[in-house]
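Note sheet for the following structure.
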2 protein chains.
Amino acid sequence: MIIRLDLESDTPIYTQLVQQIVEGIASGRLQPGEPLPSVRTLAGDLGINLHTVNKAYQLLKQDGYIQIHRQKGVVVQPQGMPDLTPQYLKKLEGDLRPIIAESIARSMKKNKLIELVEKLHAELSVN
Amino acid sequence: MIIRLDLESDTPIYTQLVQQIVEGIASGRLQPGEPLPSVRTLAGDLGINLHTVNKAYQLLKQDGYIQIHRQKGVVVQPQGMPDLTPQYLKKLEGDLRPIIAESIARSMKKNKLIELVEKLHAELSVN
DNA sequence: GCATCTGTTATATTATAACTATAACAAGTA
DNA sequence: TACTTGTTATAGTTATAATATAACAGATGC
C-alpha cells in the first residue's frame with residue numbers, strides 16, 4: 001500500500017498514517033487479515049522514526065482497526081471492524097459540527113454540501 | 001453571545017473560540033455588523049489570556065468573518081461573508097475525507113451519514 | 001544454540017505549539 | 001487628560017511531536 005506523507009502539513013505524521021490506513025481499509029485496498037509492514041520497515045521506507053509508526057499502530061489497535069501479535073506482526077482486523085459505538089457517533093458529530101457550520105457561514109447550499117459528501121463517499125468506498 | 005470553553009479538550013482554546021463564533025454567524029445569532037467584545041473583555045470574561053482571544057480574532061479576520069478597526073473594536077463582517085473560494089473547497093474536502101473514510105470503515109451506511117449531516121445542518125442553520 | 005526479526009519499553013534531546021504574564025505603544029474617544 | 005482600542009514585544013511554562021539510541025522478551029529459521 002502506497003502511503004504519502006506531507007512533512008510540511010500541520011497534521012502530525014502519526015495522524016496522517018492513521019488516516020491513510022483507515023482510508024485503505026474503507027476502500028478495501030487493505031483486506032481483513034492482511035499484514036502491515038513492521039514498525040521498523042515502514043519507518044525505514046517512509047524515512048521517519050519507528051516510534052512515530054508505533055504511535056499510529058497503537059492508535060489503530062486501540063480503535064480496533066488492527067491486531068498486533070507480539071512477535072508475528074501487525075494485521076488488519078481479520079473479522080468485524082469496529083462498531084458504530086455511541087462514543088464514535090458522538091465524536092463524529094463533534095468533528096462534523098464545525099465543518100458544517102463553516103460551510104453555512106460561507107453560504108454554501110445544503111445540496112452542494114450533500115453532493116460533496118456523496119462524491120467523497122463514492123471515491124472512498126469499495127468499488 | 002454565550003461561549004463555553006472546554007479547557008480539558010485537546011482542541012486549542014483559540015480554535016474553540018473561532019469555531020463557536022463561526023457557529024454564531026452561521027446560526028444568525030451573530031448578525032453582520034454586530035460588535036464583538038474587546039480582546040481584553042472577552043479574555044476577562046472567559047478567564048483566559050488576551051493573546052489567546054487575539055489569535056482567534058486574527059484568524060477570523062484573515063478568513064473574512066470579522067473586521068477589526070484599530071480603535072473602534074471588532075465587528076462581524078457587515079456585508080458579504082467570505083465566499084466559496086477554491087482554497088476553501090479544497091480545505092473542506094481535506095477535512096471531510098478522513099471523517100467519511102472512518103465512517104465507511106465502521107460500516108456506517110451512506111444514508112445514515114447523510115442523515116446526520118442533514119440533522120446537524122438543520123441544527124446549525126438559521127431558523 | 002544462535003542469529004534474526006517482532007513489538008515493547010526506557011531515556012534523552014530537539015523543535016514547535018499553546019498559553020500565560022507583563023509591559024508598552026499608537027490612535028481614537030469621552 | 002484619562003481611558004479604551006488593537007497591536008507589538010519579550011519572556012516563561014507546559015505539552016506535544018518527532019527523533020535518536022539502546023535494550024528487552026518472545027518467536028522463527030537455520
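Heavy atoms only: backbone and side chains are in, while hydrogens, waters and symmetry mates are out. A note on names: the letters A, B, ... follow the listed sequences, proteins ahead of strands, and every chain is numbered from 1. Since the structure is predicted, the reported quantities are computational estimates derived from the model, not experimental observations.
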Taking only N and O in the side chain of S38(A), is any of them less than 4.0 Å away from OP1 or OP2 of dC5(C)?
-> no
Result for 5'-nearest mapping on DNA chain D, choosing between K72(A) and I13(A), is I13(A)
Whole-Å distance between dT5(D) C1' and Q67(B) CD?
-> 16 Å
Looking only at dA18(D), dT6(C), dA21(C), the nucleotide nearest the N49(B) side chain is dA21(C)
For the pair made of CG in L50(B) and P in dC25(C), what is the distance, rounded to whole Å?
-> 17 Å
Counting any heavy atom closer than 4.0 Å, what does Q58(A) reach on the DNA or RNA strands: base, sugar-phosphate only, or nothing?
-> sugar-phosphate
Measure the CD1-CD distance between I3(A) and Q19(A) for me, rounded to the nearest 0.5 Å.
-> 11.5 Å
Please check if the side chain of D6(A) supplies one atom and the backbone of E8(A) the other of a donor-acceptor pair under 3.5 Å.
-> yes
Considering only heavy atoms and no angle criterion, is a donor-acceptor pair shorter than 3.5 Å present between the side chain of R40(B) and the base of dT22(C)?
-> no
Do you know the tightest heavy-atom contact between L116(A) and M108(A)?
-> CD2-CE, 4.5 Å
L17(A) CG to dT19(D) C1': how many Å, rounded?
-> 15 Å
Below 4.0 Å: OP1/OP2 of dC19(C) and any side-chain N or O of Y14(B) | no
Starting from C1' on dG6(D), measure out to CG on L60(B) and report it in whole angstrom.
-> 15 Å
What closest approach, in Å, do I13(B) and I48(B) show between heavy atoms, and which atom pair accounts for it?
-> CG2-CD1, 3.9 Å
With respect to the phosphate group of dG6(D), does any side-chain polar atom (N or O) of N54(B) fall under 4.0 Å of OP1 or OP2?
-> no
If you check every side-chain atom of V39(B), which of dG6(D), dC19(C), dT6(C) has the closest atom?
-> dG6(D)
Atom CG of L5(A) and atom C1' of dA17(D): how far apart are they, to the nearest Å?
-> 14 Å
Looking for any heavy atom pair under 4.0 Å, which part of the strands does Y57(A) touch: base, sugar-phosphate only, or nothing?
-> nothing
Taken to the nearest whole Å, CG/L7(B) to P/dA15(D) is 14 Å
Rounded interatomic separation in angstrom, taking CD from E8(A) and P from dA18(D) | 13 Å
Within the distance-only criterion (no hydrogens, no angle test), does the side chain of Y57(A) pair as donor or acceptor with the backbone N or O of S38(A) below 3.5 angstrom?
-> no
Is there a donor N/O on one and an acceptor N/O on the other, under 3.5 Å, for the side chain of H51(A) and the base of dA17(D)?
-> no
Of all the choices, dT8(C), dG6(D), dT20(C), which nucleotide is nearest to the side chain of K61(A) once you look at every atom?
-> dT8(C)
dT20(C) phosphate, OP1 or OP2, under 4.0 Å from T52(B) side-chain N/O | yes
Roughly how many Å is it from CG in L42(B) to C1' in dT5(D), rounded to a whole number?
-> 15 Å
What's the closest nucleotide to the I68(A) side chain, out of dC19(C), dT7(D), dT8(C)?
-> dT8(C)
Would you call E115(A)-K119(A) a salt bridge at under 4.0 Å N-O?
-> no
How would you label the contact of K55(B) with the nucleic acid (heavy atoms, under 4.0 Å): base, sugar-phosphate, or nothing?
-> sugar-phosphate
